[in-house]
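Just so you know, these numbers come straight off a predicted model, no measurement behind them.
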Amino acid sequence: MTRVGIDIGGAFTDVVVYNEENGEISWVKVETTPDDPSNGVLEAIDETKINLGYINTIIHGQTLAINTIVERKGAKVGLITTKGFRDILEIQRANRRDMYNFRYKKPIPFVPRYLRLEVGERIKSNGDILLPINENEVVEAIKKLKEENVEAIAVGFINSYVNPIHELKAGEIIKRIDSSIMVTLSHEVTREWREYERTSTAVLNAYVMPKMNRYLSKLESEFKRRGFKGNYFAMLSNGGMATFEYAKRFPIYTLESGPVAGVMGAIKISDALGEKDIIAMDGGSTTTKASLVRNLEPNINTDYYIGRDKYNPGYPVKVPTLDIVEIGNGGTSIAWIDETNNLKVGPKAAGAYPGPVAYGKGGKDITVTDAYIVCGFLNQEELLGGKIKVNKRLAEEAISNIAKYYNMSIEEVSYGIVKIANNNAVNAVRLISVQRGYDPREFTLVAYGGSGPMFAPFVAEELDIKKIIVPFLPAGVFSAWGMLVSDIRHDLVLSYPLRIEKENSIDLINEKFNELESKIRSILISEGFEEEDIVMLRYAEMRYYGQEHTVKVNIMPGKIGTGEIEEIKRRFHEAHEIAYAFTLDSPIEIVNFHVSGVVKAESIPLMKIERNNSDISKALIGKRKVFYEGKYEEWNVYNKEFLPINYQIDGPAIIEDPTSTSLILEGQMGMLDSYGNLIIERD
């Protein structure tokens, strides 16, 4: 049978097909269709010319959910909440990350005040019912929201994370009155405390739900029409995947579905090559993403913010998300001059349309791709195997305006744009490593995406990283391949503050982990998986009693006793010292219980390539003039598909494949390993 991975990016939509019988991998890359992403997906599927009747699994990662929120193009949503909490989305948090930033402002709520309605009910913090729910008020609230033609309703009651009985009752009443209204109950999305964050998560899920339902349903219908009879899976932000039905109900879990697939693919590659500590860097068309992975175990947390920048706290989303730093810096990022006359790159991007100026599709804004073309780092005639024709002259004409402004040459300005983009990528890696207490020199950089292998050698030079891996698969479609090696995974997090030294704490710890495991097990079994195939992973978010912030600790499986508690304490002290460089002789508290249920995907083994030739001339395309560090140089240009195995290429050099370009700088050497991965190391 055959598996298909589909990844939608800012400029391109990628499809990777894996035939399990013969191990063959094929791929297709088409331009993304922003107005209706499904059109680009279907175009890519059609271009593969595969018979969907022979496909057993389709795995899809998309940008629809995140883009719907960022562009504010979601559904009209109503909120039903506890009396006295109507303005929680407006009040938000009083604390500010930068108290002296006068341009700092709170984000605008997605639900206007007239659509936020209160009902009488109250659950205490320990889960006891203080005030029973007023069902008549719930009915009146629903009728008012129906009169306003809302498409979806979010229900967020105070302390429902510890006892959801009132939310469940409100959900029943909504369905009884109008089953066509889509409902999000906050406790079903997240069982963590923090009322504002939990309400925000529920509202955003409701905001995206109708659009995601229409989108996935359209894909299901079109795939079925083309003969597909297999299983649909959606990539989740936690690095796993779930059924389309789950994604329709909880689309908020899919926000980072594309980027995390690349990280999972990087882990797979690194495991095969014996690398344990890596930094995965995905240089895309509009963003650069970085994720640090220690001992091949991704870090998953629930502190995620949409639209956060130095002036905006962003919208909190409390769902399990693989720890990724993302900045607006990619191949189509726009170069511009700020109010202080400084040249900047990003975060705005040209995207698929109109794209870089050099593509000749009407783009007027200078992009990173245009600068790379003018400098000679990129092919100056065509890209994507000839699908995209390049017009260097158009890029030069556009860049000349900035060159005149600064009284510099076109080449100098172009290289300036390149350096700024590279420095932005360096900053992304710093944010995920140095600012988290990790030394990037101790990690291997795995670079992929259309622009990742171009940024990587500059990042390695700046941060003194010794080794770069560019995966064997064309780097521009690597995230789609990462979906094919991702596991089925569900995560549940429950807030239940508990001092582990207290009497009967061991019983409560076992009770909470067992409760979460039982819930996840029932979810996976309902999706058709066998109980014996489910692997449970446990974590605890812990802190010293009285602290605000927590660190995550791996918890051993099985029943926990006195000996296991001592080991948990040891692991916590160790994790706290790594994060904060100190430990305390203080009581320790578990704040959140976190359980992951995993069903392992069928493994895709890395296949050794057969290239008996040792003649580098077959791979040598020619020489190209490259403007580098203030002067023109001649660099050798090679076709990656014909590189001999284990042949050392000394930099500077350019390695081209159909979807991306890898650079080897002076002082670096590159070599193709037996699997087809390009390994770049510093002298």
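With contacts defined as side-chain heavy-atom distances shorter than 4.5 Å, the pair E197/E192 does not qualify. Taking the side chain as every heavy atom from C-beta outward, I123 and H166 approach each other to under 4.5 Å. L322 has its side chain within reach of S291: a pair of non-hydrogen atoms, C-beta onward, lies under 4.5 Å apart. You'll find the side chain of L292 stays beyond 4.5 Å of the side chain of N299, heavy atoms only. Taking the side chain as every heavy atom from C-beta outward, H60 and Y215 approach each other to under 4.5 Å. With contacts defined as side-chain heavy-atom distances shorter than 4.5 Å, the pair D487/M264 does not qualify. For the pair F233/M483, no side-chain contact is recorded, criterion being any heavy-atom separation below 4.5 Å from C-beta on. Residues P320 and Y253 form a side-chain contact, since some pair of their non-hydrogen atoms from C-beta on lies under 4.5 Å apart.
With sequence neighbours excluded, the residues forming a side chain to side chain donor-acceptor pair (under 3.5 Å) with T82 are E121, listed by chain and number. Remark: R116 pairs with D87, E90 by the salt bridge (charged side-chain N to carboxylate O under 4.0 Å, His left out) rule, at least two apart or across chains. Shown here are the side chain to side chain donor-acceptor pair (under 3.5 Å) partners of S495, two or more places apart in sequence or in another chain: N592. Taking the side chain to side chain donor-acceptor pair (under 3.5 Å) definition, one finds that R86 meets it with nothing, sequence neighbours left out. For K143, there are no salt bridge (charged side-chain N to carboxylate O under 4.0 Å, His left out) partners, not counting sequence neighbours.
Taking both residues in full, the closest heavy atoms of A242 and H490 are given as CB-CE1, 3.5 Å, listed atom of the first, atom of the second, then distance. Counting all heavy atoms, side chain and backbone alike, Y448 lies closest to S479 at CE1-OG, 4.0 Å. Across every non-hydrogen atom of G40 and T33, the tightest pair is N-OG1, 2.9 Å. Nearest approach of A170 to V155, heavy atoms of both residues: CB-CG1, 4.1 Å. Of all heavy-atom pairs spanning V493 and R191, the tightest one is O-CB, 3.2 Å. When every heavy atom of S186 is checked against every heavy atom of G156, the shortest pair comes out as OG-CA, 3.9 Å.
Side-chain polar atoms of D128 and N126 form a donor-acceptor pair below 3.5 angstrom. Defined by atom type and a distance below 3.5 Å, a donor-acceptor pair is missing between the side-chain atoms of E256 and T321. Using modelled atom types and a 3.5 Å distance limit, the side chains of D491 and S596 yield a donor-acceptor pair. Judged by distance alone, the side chains of S486 and K268 never bring a donor and an acceptor atom under 3.5 Å apart.
By the 6.0 Å contact criterion, NZ on K175 is enclosed, its count of non-hydrogen atoms from other residues, nucleotides or ligands being greater than 12. With a 6.0 Å radius and a threshold of 12 heavy atoms from other residues, nucleotides or ligands, K519 has its NZ atom at or below the threshold. The number of heavy atoms from other shown groups lying within 6.0 Å of NZ (K106) is above 12. The neighbour count for R294 CZ, taken as heavy atoms of other residues, nucleotides or ligands under 6.0 Å away, does not exceed 12. Applying the 6.0 Å contact sphere to CG of L492 captures more than 12 heavy atoms from other residues, nucleotides or ligands. In the displayed structure, Y496 atom OH is contacted under 6.0 Å by at most 12 heavy atoms of other residues, nucleotides or ligands.
The CD1 atom of I158 sits 7.5 Å away from the OG1 atom of T81 when rounded to the nearest 0.5 Å. Distance CG/L508 to CG/L498: 5.5 Å, rounded to 0.5 Å. Atom CG of L79 sits about 14.0 Å away from atom CZ of F110, to the nearest 0.5 Å. The line from CG of L42 to OG of S38 is 5.5 Å long, rounded to the nearest 0.5 Å. Expressed to the nearest 0.5 Å, how far CE of M212 lies from CD1 of I252 amounts to 9.0 Å. The CD1 atom of I278 sits 5.5 Å away from atom CD1 of I267, with the distance rounded to the nearest 0.5 Å.
In this structure, N213 contributes its side chain and M209 its backbone to a donor-acceptor pair below 3.5 Å. Judged by distance alone, with hydrogens and angles left aside, the side-chain atoms of S526 form a donor-acceptor pair with the main-chain N or O of I523 at under 3.5 Å. R194 places no side-chain N or O within 3.5 Å of a backbone atom of T199 that could act as its donor or acceptor partner. Side-chain atoms of R198 do not come within 3.5 Å of backbone N or O of V189 as any donor-acceptor pair. Within the 3.5 Å criterion, the main-chain N or O of M542 finds no donor-acceptor partner in the side chain of T550. Although no hydrogens or angles enter the test, the distance criterion places a donor-acceptor pair under 3.5 Å between the side chain of T48 and the main chain of I45. Judged by distance alone, the side chain of Q62 and the main-chain N or O of L64 form a donor-acceptor pair under 3.5 Å. Within the 3.5 Å criterion, the main-chain N or O of S257 finds no donor-acceptor partner in the side chain of T254. Side chain of T68 to backbone of G74: no donor-acceptor contact under 3.5 angstrom is found.
A salt bridge links E589 to R543: at least one charged side-chain nitrogen sits closer than 4.0 Å to a carboxylate oxygen. Electrostatic pairing of E147 and K144 does not count as a salt bridge here, judged by no charged N lying under 4.0 Å from a carboxylate O. A salt bridge between R176 and E135 is absent, with no side-chain N of the basic residue lying under 4.0 Å from a carboxylate O of the acidic one.
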Chi angles and distances behind the side-chain contact (heavy atoms from CB on, under 4.5 Å) call for I432, D323: CA-CA 8 Å; I432 204 70; D323 191 12; 4.1 Å; yes
Test log, rule salt bridge (Lys or Arg N to Asp or Glu O under 4.0 Å), inputs R249 and E245: CA-CA 6 Å; R249 190 177 176 193; E245 289 306 312; over 6 Å; no
Derivation of the side-chain contact (heavy atoms from CB on, under 4.5 Å) call for I108 and R72: CA-CA 11 Å; I108 301 170; R72 302 186 78 94; 4.1 Å; yes
Verdict with reasoning, R489 to I300, per side-chain contact (heavy atoms from CB on, under 4.5 Å): CA-CA 12 Å; R489 178 171 181 144; I300 297 170; 3.1 Å; yes
I80/L145 under side-chain contact (heavy atoms from CB on, under 4.5 Å): CA gap, chis, key distance, verdict: CA-CA 9 Å; I80 298 176; L145 293 176; 3.9 Å; yes
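Remark: of the listed residues V551, T302, V553, T302 is the sole one forming a side chain to side chain contact (heavy atoms under 4.5 Å, CB included) with E541. Of the options K224, R226, E222, a side chain to side chain contact (heavy atoms under 4.5 Å, CB included) to L52 is made by R226 and by none of the others.
Sorted by first then second residue, the salt bridge (Lys or Arg N to Asp or Glu O under 4.0 Å) pairs that include residues 527-537, not counting sequence neighbours, are R521-E531.
Between F593 and F513, the two ring planes are perpendicular [angle over 60°; tilted spans 30° to 60°].
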